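Excluded from the calculations below are hydrogen atoms, water molecules and symmetry mates; all remaining heavy atoms, backbone and side chain alike, are included. Only a predicted model underlies this, so the values are computations on that prediction, with no experimental measurement involved. Chain A is the first sequence line, chain B the second, and so forth, proteins listed ahead of strands; every chain is numbered from 1.
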Protein chains: 2
Amino acid sequence: MNPSEPPTQQPASRRIAEELRRRIRDGEIPAGEKLPSERALAEEFGAARNTAREAVRLLAEQGLVTAKHGRGVFVREPQKLFRFGSDRYSIKNRETGLTPFRLEAQRQGKVPRIDVLYIERETPPLDVAERLGVPSGEQSVVHRENHYFADDEPVQIVSTYLRWDEAQGTLLMQPKTGKDGIYGRLEDLGHVMTRVRDEISARMPTPEEARFLQLLPGVPVLEVLHTSLDQDLQPFEVSRYVHRADQTGLLYELPVE
Amino acid sequence: MNPSEPPTQQPASRRIAEELRRRIRDGEIPAGEKLPSERALAEEFGAARNTAREAVRLLAEQGLVTAKHGRGVFVREPQKLFRFGSDRYSIKNRETGLTPFRLEAQRQGKVPRIDVLYIERETPPLDVAERLGVPSGEQSVVHRENHYFADDEPVQIVSTYLRWDEAQGTLLMQPKTGKDGIYGRLEDLGHVMTRVRDEISARMPTPEEARFLQLLPGVPVLEVLHTSLDQDLQPFEVSRYVHRADQTGLLYELPVE
DNA sequence: AGCCCCAACTGGCTTGAGCCACTTACTGGC
DNA sequence: GCCAGTAAGTGGCTCAAGCCAGTTGGGGCT
């Protein structure tokens, strides 16, 4: 009960986790290697298997290790990030005729794949309606839901929202939107992308997201709510990106105004 | 064993978690309210207390609920975000004489506090050395470590790295850096901030970060590796921001170039 | 040689029990 | 009226045991 220091004895599970963390940090158990089995840890630390198990769970929650049923618990290898840069909207890239994602993938030597899940007229979520400047009580938008893959690994889930009055009857309602993708078609409609506004947050995935993205425990997602503004600073497109955070990062390079 | 659908019976803990998630989503248990006790859940679902407990843990891991020792488990209230905008470096804000964080806090009606933990000459981490353009094998930088609070709630941890050859003997080595903070002093040295590059990722906190930021289980952190470039596009400052993701978001608004 | 099956290992999940620490509300004494 | 003490309720943590479900490798059969 000496308040000068906190020798408050840690729970056994945390002590075991701490020791394993040390071994991993010090390279005694290198990345990709297997931890001792739960039963072995229990014996080594003189604890019940459940307690050793709890320790492993703590490490998994932090994203340090990952368990393979029937095989063992492995130290997770640091992943190199698939990077999404703020220049992905750049005019300069238009000449390639590729959509932003395909361009980024190609740049990083990955094979891109995009699954179009559905394209439907909908009533927009509140935050989207606000940003797109449409009413939220009616079917004022078209919602395009896509899944993105790099080398067949799921990378992000994207929901794109467009004004129904603009998209109606155009290629924007089709899976294949033609040259330069939806931004090409929106330009045809007179919207030149002049500014973008990205609102970024992070959170743990919902069970559905975890399933889609094949997320292991302890991996959060990055959520980007993106708004495109045209030459009149009018918003004409809103997208919600959900990235797996263990394999993706964001890069923003911008002038100080 | 019918492969047409996945009726693979869920583990009991997951079924219970699913049901609780539904009750929360449908508003049967509103935000801020208490869940049934672990013992009550166990009885209701005909499971052992440990199983009910596991279900609650799943929800906590996802950041949906939070347990208060001795009181109960509560549905977490959605937090409004303390927002960090890309215009926080803007020249326009210079006239206020406030540092970026103080300005943001004031804008959002919060009381800012900054604790300067230490200011020391150090050998830089590899990623910092790369971006700042200094050697990583020697004590080539000054490291300023700060903790930021809004209304006395910890908000972010910031490590700022400056070139030792520039900072040596200046106010940059002092806790109080004068008007406009370190950016003011760096301007005195001839570095006008012209562009910034922010690299953003998300991950689960280390135990130390969780302690500092008072993070509940299931809350990730946002990490921003920030580089300031001057009028010659030379990097002159690198900072690593670690934000708690449940109360902070990032806003980037930029021109499409 | 090739294949199959089974034993032995791994983690996944649950049970029921017990003790501890923290919180709250009530109750009784002053 | 106030306050201290206490009982009852909560989550925190651990134990010992058991069964299930993937994985792996070796032994034996064909």
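- Residue Arg71(A) has a polar side-chain atom (N or O) positioned under 4.0 Å from OP1 or OP2 of dT24(D).
- Of the side-chain N and O atoms in Thr51(B), none sit less than 4.0 angstrom from OP1 or OP2 of dT14(C).
- Residue Glu44(B) qualifies as enclosed at atom CD: its count of foreign heavy atoms under 6.0 Å is above 12.
- For Glu130(A), the CD atom counts as densely surrounded, since its 6.0 Å shell holds more than 12 non-hydrogen atoms of other residues, nucleotides or ligands.
- In this structure, Val73(B) reaches the sugar-phosphate backbone alone: every heavy-atom distance under 4.0 Å involves primed, P, OP1 or OP2 atoms, never a base.
- Residue Arg39(A) contributes atom CZ, which lies 13 Å from atom P of dA17(D) at whole-angstrom precision.
- Relative orientation of the His226(B) and Tyr241(B) rings is perpendicular, given thresholds of 30° and 60° on the angle between their planes.
- Here dA16(D) presents its P atom at 13 Å from CD of Glu43(A), a figure rounded to the nearest Å.
- When rounded to the nearest whole Å, the span between CZ of Phe74(A) and P of dC9(C) equals 17 Å.
- Residue Arg53(B) places no side-chain N or O under 4.0 Å from the OP1 or OP2 atom of dG11(D).
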After noting the C-alpha distance and the side-chain angles of Arg203(B) and Asp246(A), does the key distance pass the salt bridge (charged side-chain N to carboxylate O under 4.0 Å, His left out) rule?
-> CA-CA 7 Å; Arg203(B) 55 176 172 77; Asp246(A) 61 338; over 6 Å; no

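- Rounded to whole Å, atom P of dT10(D) lies 7 Å from atom NZ of Lys34(B).
- With distances taken from any side-chain atom of Ser13(B) to the nucleotides dT15(C), dC13(C), dA21(C), the minimum falls on dC13(C).
- Between the C1' atom of dT14(D) and the CG atom of Leu58(A) lies a distance of 14 Å, rounded to the nearest Å.
- Not a single donor-acceptor contact under 3.5 angstrom links the side-chain atoms of Arg57(B) to the base of dG12(D).
- Between Gly70(B) and Asn50(A), the one whose closest nucleotide on DNA chain D sits nearer the 5' end is Gly70(B).
- The separation between Glu54(A) atom CD and dT14(D) atom P is 7 Å, rounded to whole Å.
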Step-by-step side chain to side chain donor-acceptor pair (under 3.5 Å) determination, Gln214(B) to Arg244(B) = CA-CA 9 Å; Gln214(B) 298 174 19; Arg244(B) 54 184 304 171; 5.5 Å; no

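- OP1 or OP2 of dC13(D) lies within a sub-4.0 Å distance of a side-chain N or O belonging to Arg14(A).
- Mapped onto DNA chain D by nearest heavy atom, Lys68(A) and Ala48(A) fall at different nucleotides, with Ala48(A) at the one closer to the 5' end.
- Across dG11(C), dG16(C), dG11(D), the shortest atom-to-atom separation from the side chain of Glu38(A) is found for dG11(C).
- As rounded to whole Å, 14 Å separates atom C1' of dG11(C) from atom CG of Leu216(A).
- Residue-nucleotide stacking is present for His69(B) and dA21(C), judged by a side-chain ring centre under 5.5 Å from the six-membered base ring centre and planes under 30° apart.
- If you measure from atom CD of Gln10(B) to atom P of dC13(C), you get 10 Å, rounded to the nearest angstrom.
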